Amino acid sequence: MPAVSKGDGMRGLAVFISDIRNCKSKEAEIKRINKELANIRSKFKGDKALDGYSKKKYVCKLLFIFLLGHDIDFGHMEAVNLLSSNKYTEKQIGYLFISVLVNSNSDLISLINNAIKNDLSSRNPTFMNLALHCIANVGSREMAEAFAAEVPRILVAGDTMDSVKQSAALCLLRLNRTSPDLVLMGEWTARVVHLLNDQHLGVVTAATSLITTLAQKSPEDFKTSVSLAVARLSRIVSSASTDLQDYTYYFVAAPWLSVKLLRLLQCYPPPEDGAIRGRLTECLETILNKAQEPPKSKKVQHSNAKNAVLFEAISLIIHHDSEPTLLVRACNQLGQFLQHRETNLRYLALESMCTLASSEFSHEAVKTHIETVINALKSERDVSVRQRAVDLLYAMCDRSNAKQIVAEMLSYLETADYSIREEIVLKVAILAEKYAVDYTWYVDTILNLIRFAGDYVSDEVWYRVIQIVINRDEVQGYAAKTVFEALQAPACHENLVKVGGYILGEFGNLIAGDSRSSPLVQFDLLHSKFHLCSVPTRALLLSAYIKFINLFPEVKGTIQEVLRSDSQLRNADVELQQRAVEYLRLSSIASTDILATVLEEMPPFPERESSILAKLKRKKGPGNLHPDLDENRKERSANGGTADHSSTTSNAKVAASPTPSTDLLGLGSTITTQNSAPPASKGTSLLVDVFSENIAAFPVETPVAVGCLPLAPFPSRFVCKNNGVLYENQLLQIGLKSEFRQNLGRMYVFFGNKTSTQSCYGWPFTVPYCAFFLTVSLQLNVHAKPADPTVDGGAQLQQILNIECMSDFVDAPVLNIQFRYGGTLQNVAVKLPITLNKFFQPTEMTSQDFFQRWKQLGAPQQEVQKIFKAKHSMDTEVTKAKIMGFGAALLDGVDPNPSNFVGAGVIHTKTTQVGCLLRLEPNTHAQMYRLTLRTSRDTVSQRLCDLLSEQF
Amino acid sequence: MQFMLLFSRQGKLRLQKWYVPLSDKERKKISRDLVQTILARKPKMCSFLEWRDLKIVYKRYASLYFCCAVEDQDNELITLEIIHRYVELLDKYFGSVCELDIIFNFEKAYFILDEFLLGGEAQETSKKNVLKAIEQADLLQEVYELVL
């Protein structure tokens with residue numbers, strides 16, 4: 001053997017490496033390196049031309065420094081120079097430097113490519129190999145462009161040396177991986193496939209890798225490789241262990257090639273040709289048989305190589321999934337490995353069985369090993385093996401063993417390694433839901449999850465239990481009872497408080513009959529946890545409290561007391577403060593009916609795939625979720641309802657309009673919008689009016705005002721019209737149709753999704769928190785009927801609003817729409833064109849009556865007059881239509897001056913009726929109008945005058 | 001195979017071979033994370049572990065850890081034997097290899113690896129053939145030196 005100390009040793013390099021090794025500290029090392037770098041730089045820049053040996057030595061030193069983890073920013077040129085040296089070791093070091101420190105400097109790339117080209121055409125196999133190795137190591141696009149056509153030619157040329165063929169095959173494989181578009185086999189395909197028949201096993205080994213990669217890309221082109229691969233495999237499997245000479249590895253014939261051939265066959269379905277198929281089955285049987293033979297060596301290399309082939313054969317059997325006997329034999333073989341003394345084999349057996357569990361032929365056979373696997377979970381000392389056991393239990397779970405498996409996983413969770421707890425939690429949650437026969441078991445399981453591993457229970461998991469409880473009547477009472485009991489533990493996890501708060505808020509009434517869980521006891525229990533919880537949980541609890549007020553009027557006083565306390569009303573957290581304020585107001589001013597509507601039980605969530613599953617998939621990547629690969633085979637519980645919680649639209653818990661895609665916590669983003677808006681000023685904000693009595697109680701910047709959202713005003717034509725397009729942008733169109741009678745009205749709001757895709761989703765027609773209802777509850781009562789919150793692209797959603805006018809009002813209610821588009825939350829706020837004149841009932845009267853009333857309404861505050869310039873042409877017919885559209889009766893022949901217009905009507909509100917008279921006097925000459933309004937109420941006169949004067 | 005790392009018990013990287021394009025920064029981060037993960041494992045633990053979306057196969061020989069990252073469908077046991085064969089090649093070439101040989105003759109370690117593995121796949125699994133190739137290269141060197 002050529003000893004290393006011979007000839008080519010570089011003394012300077014060895015000295016330098018020793019120096020580095022002798023450095024006592026990082027600082028000393030850096031100092032030494034900097035000294036060396038300075039030295040090399042000066043040598044490279046020096047006037048004296050360096051000889052090849054020095055150049056090689058310095059380039060090698062630079063390489064060493066780089067591999068130590070330091071940056072190298074020079075020396076590339078010298079390395080490229082080495083490539084064209086005719087001394088092998090200089091060339092070799094040059095290539096090594098280039099391979100390790102690829103630089104996309106284009107000048108260099110062309111120089112490098114040039115050197116490679118020279119070596120490829122040198123016909124010196126050693127140089128050709130160096131060049132091919134460099135292409136394979138760098139694998140850059142530039143190299144693919146330069147050599148993707150040349151390398152296949154070298155590969156199939158008849159006079160190419162075997163070792164060069166091997167390099168060329170794998171070089172091509174690398175280029176195909178990095179730039180598949182540039183590697184076009186075309187005419188070479190047949191000859192490349194034929195390499196499987198090559199005499200030289202090294203060539204076959206390299207070629208098999210290449211063909212496998214190409215076959216994955218275009219299986220049809222390489223279909224002929226199947227029969228050749230089977231033939232080759234058959235010869236290897238049936239050979240005596242000495243036949244293949246140096247390709248036999250610890251008494252195993254060509255293990256690498258066998259594994260590669262078996263991999264290649266996994267690119268294809270079972271061979272259609274009966275003879276080939278029979279031959280392959282024979283091979284696989286032989287491999288399985290060999291596993292039972294006594295080992296030919298005690299060396300671990302022997303068993304590893306043998307089992308490598310065996311596992312690959314089992315992979316192929318599972319891939320084909322067509323030979324029940326082979327599948328069952330594979331399963332039995334793996335079963336033996338489950339108890340093998342080699343940890344590696346136990347690991348692989350668990351892993352392999354996971355895939356076997358999804359085959360209908362072997363699922364039952366896998367299940368027979370359940371006790372062994374459970375035992376592995378308990379006794380394996382290596383966490384990565386226990387992880388595999390968890391995976392296998394998950395994969396083998398079905399209705400028959402779900403309870404056992406879930407129980408084992410739960411008990412393992414208590415002692416499980418932190419690194420895998422979250423995944424186990426997800427798996428238990430999925431299995432418990434999927435195989436739940438009765439949902440009490442499901443509820444118990446999830447509560448246990450929270451108890452044993454509360455910190456690892458992600459939001460998806462506790463959202464899910466709530467969705468399921470809400471969607472299933474039969475479990476609600478049990479859930480309420482169980483969470484109530486669980487909450488009694490002196491220390492319970494915050495996630496339990498969340499679930500408890502939500503469920504008691506919805507269904508606490510179901511257990512309130514028992515004096516031990518009376519409303520007050522329930523409330524006290526929840527509130528005892530309040531101060532220990534984070535803000536989101538507290539916010540949720542506040543929502544639970546307002547729900548309690550609706551469920552149990554008897555605790556209203558107690559809860560209001562809590563809401564009224566300074567720690568709530570003046571809480572530094574705006575969300576908590578807002579909730580406290582709004583809930584307190586809501587509970588004080590809303591009638592029982594309104595309260596019942598607003599705080600109605602949550603409607604069922606739409607049934608969808610569990611978001612937990614999606615989370616697990618994200619965590620594990622696709623390959624590890626075997627139970628889901630076989631959806632069709634195993635019975636799947638169709639009852640997995642879900643809502644998607646990823647969208648964080650607001651609130652809805654208290655709002656009557658159900659918004660299934662809302663965040664259950666009710667922590668929406670509207671609040672942020674409001675926060676950033678300027679402080680509300682009294683005149684512009686409806687809410688400020690509502691809260692005016694305690695406006696002093698909290699700072700001005702408190703985000704209570706809806707009115708400070710950027711508002712789109714409605715077009716003034718809606719004052720005299722009931723139908724039309726209210727609002728439109730690139731994404732959304734809002735259309736209206738409305739009708740009014742006396743003090744009642746109904747408005748149909750049409751939301752049109754103008755995007756073409758379905759990317760708009762979750763259109764909760766929401767009114768931020770309960771502000772919408774609060775806003776109008778004094779003067780206008782607006783009730784929104786529930787509607788599906790999702791609107792597909794190009795589709796329309798209709799929402800019905802029922803409106804009741806309680807007393808006269810000025811400001812219109814605000815409609816807030818939130819939806820997601822392209823991942824961002826869109827907010828639109830528009831004023832609804834509900835104006836006082838909508839509640840006008842026309843009154844016909846004679847001239848005499850009119851003037852009599854006119855005189856009666858003669859008090860100064862009853863009359864409002866306005867003189868204004870005409871904005872539109874003064875067309876008599878248009879004016880008439882507008883007055884009628886405004887709602888008043890147009891009285892002909894009342895006014896002595898025929899060019900004047902006179903109207904009369906009654907404004908209906910729930911509390912009063914207000915008679916109104918109006919007179920419009922146009923002056924065409926001056927292009928002016930004079931409008932006079934007389935009503936029994938000054939506010940009405942003013943409002944109607946303002947509204948109508950805008951129309952002309 | 002996506003990459004191969006050789007590192008000492010002290011966590012010093014002795015050889016790194018990357019078969020996928022990664023930035024220098026990513027390489028450093030991966031090496032750091034992985035070296036830590038593996039050094040934290042106890043001796044009797046199994047040689048395979050899941051790491052990010054890769055399978056890690058590693059084995060310790062004296063003071064050196066040999067570690068390969070393979071993809072999901074790749075065969076762990078045969079990868080373990082790739083490591084062993086590489087160790088055998090080094091052993092044969094250096095004559096009872098030790099860590100110091102690899103430190104002082106790192107370029108040779110790379111050359112031998114390139115003869116054995118290319119593009120992350122086994123190129124030549126016959127020990128004889130690999131060593132023959134290296135031997136020829138060394139001879140070539142001597143011939144040139146004689147000519148000079």
Side-chain angles (χ1 to χ4, degrees), chain A residues 1-4 6-8 14 17 21 60 63-64 67 69 87-89 92-93 96 126 129 133 136-137 139-140 163 166-167 170-171 173-174 177-178 201-202 205-206 209 246-247 249 254-257 259 263 301 304-305 307-308 311-312 343-344 346-348 381-382 384-385 387 621 623, chain B residues 13 15-17 19-21 24 28 41-42 44-50 53 72-73 75-78 80-82 84-85 92-95 101 103-108 110-111 114-115 118-129 131 133-142 144-145:
Chain A
M1 217 61 261
V4 187
K6 261 193 226 165
D8 66 325
I17 295 175
R21 284 178 54 75
C60 210
L63 188 56
F64 180 79
L67 290 169
K87 285 193 194 163
Y88 178 71
T89 49
Q92 201 182 19
I93 294 290
L96 180 60
T126 321
N129 273 341
H133 290 179
N137 282 327
S140 67
S163 67
Q166 286 165 272
S167 300
L170 294 176
C171 179
L173 172 143
R174 176 69 200 268
R177 275 187 191 155
T178 46
L201 277 191
T205 307
S209 293
D246 209 36
Y247 288 91
Y249 179 82
W256 282 281
L257 180 53
V259 166
R263 266 296 294 283
Q301 283 76 27
N304 279 351
N307 292 326
F311 275 105
E312 206 58 55
T343 314
N344 287 346
R346 296 198 301 276
Y347 177 98
L348 294 175
R381 273 187 281 170
D382 184 346
S384 43
V385 184
Q387 165 87 63
Chain B
L13 213 51
L15 179 142
Q16 42 175 321
K17 189 79 189 179
Y19 297 108
V20 284
D24 200 36
K28 280 185 178 156
R41 287 172 65 84
K42 295 191 187 79
K44 285 277 174 182
M45 286 186 165
C46 89
S47 313
F48 319 125
L49 61 128
E50 270 184 0
D53 53 347
D72 194 48
Q73 331 81 305
N75 190 308
E76 290 100 333
L77 284 174
I78 209 74
L80 205 52
E81 292 319 298
I82 281 190
H84 187 74
R85 172 110 296 178
K92 198 88 183 181
Y93 183 80
F94 288 108
D101 291 323
I103 295 172
F104 281 95
N105 302 285
F106 67 95
E107 79 282 9
K108 292 284 178 205
Y110 281 97
F111 298 147
D114 271 353
E115 289 295 335
L118 195 60
E121 300 283 336
Q123 176 180 207
E124 177 55 83
T125 61
S126 152
K127 194 156 62 175
K128 233 186 254 169
N129 290 350
L131 290 170
I134 298 285
E135 224 171 291
Q136 271 173 353
D138 281 339
L139 270 174
L140 216 56
Q141 164 74 9
E142 297 196 349
Y144 276 115
E145 276 179 1

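Since we're looking at a predicted model, the values are computed, not measured. Values reported hereafter were calculated over all heavy atoms of this structure, with side chains retained and with hydrogens, waters and symmetry mates removed. Here is the naming used below: chain letters follow the sequence lines, and residue numbers restart at 1 for every chain.
Interface remark: of the candidates A:Ser209, A:Cys171, A:Ala136, A:Ser209 forms the most heavy-atom pairs closer than 4.5 Å to chain B. For the set A:Leu63, A:Asn129, A:Asn137, A:Thr178, the entry with the most heavy-atom pairs within less than 4.5 Å of chain B is A:Asn137. Listed options A:Asn344, A:Asn304, A:Val385, A:Leu348 were ranked by heavy-atom pairs under 4.5 angstrom with chain B; first place goes to A:Asn344. Among A:His133, A:Arg177, A:Arg346, A:Arg174, the residue making the largest number of heavy-atom pairs under 4.5 Å with chain B is A:His133.
For chain A, the nearby part of B:Lys28 is the side chain; its heavy atoms alone come within less than 4.5 Å. When heavy atoms are compared at a cutoff of 4.5 Å, B:Phe104 approaches chain A by way of both its backbone and its side chain. Heavy-atom distances place both the backbone and the side chain of B:Glu81 under 4.5 Å from chain A. Both the backbone and the side chain of B:Ile103 have a heavy atom closer than 4.5 Å to some heavy atom of chain A. Heavy atoms of B:Arg85 lying under 4.5 Å from chain A belong to its backbone as well as its side chain. Both the backbone and the side chain of B:Ile82 come within contact range of chain A, judged by heavy atoms closer than 4.5 Å. Residue B:Glu124 touches chain A through both its backbone and its side chain, counting heavy-atom pairs closer than 4.5 Å. Using a 4.5 Å cut-off between heavy atoms, B:Lys44 touches chain A through its backbone atoms (N, CA, C, O) alone. The parts of B:Asp114 that come within reach of chain A are both its backbone and its side chain, each placing non-hydrogen atoms under 4.5 angstrom from that chain.
When all heavy atoms of A:Gln166 and B:Gln123 are compared, the closest pair comes out as NE2-O, 2.8 Å. Taking every heavy atom of both residues into account, B:Ile134 and B:Glu115 meet most closely at CD1-CG, 3.6 Å.
Taking the six-membered ring where the residue is Trp, B:Phe48 and A:Tyr347 present tilted rings, their angle falling between 30° and 60°. Using cut-offs of 30° and 60° for the angle between ring planes, the B:Phe106 and A:Phe64 rings count as tilted.
Between the side chains of A:Ser384 and B:Glu50, no donor N or O sits under 3.5 Å from an acceptor N or O.
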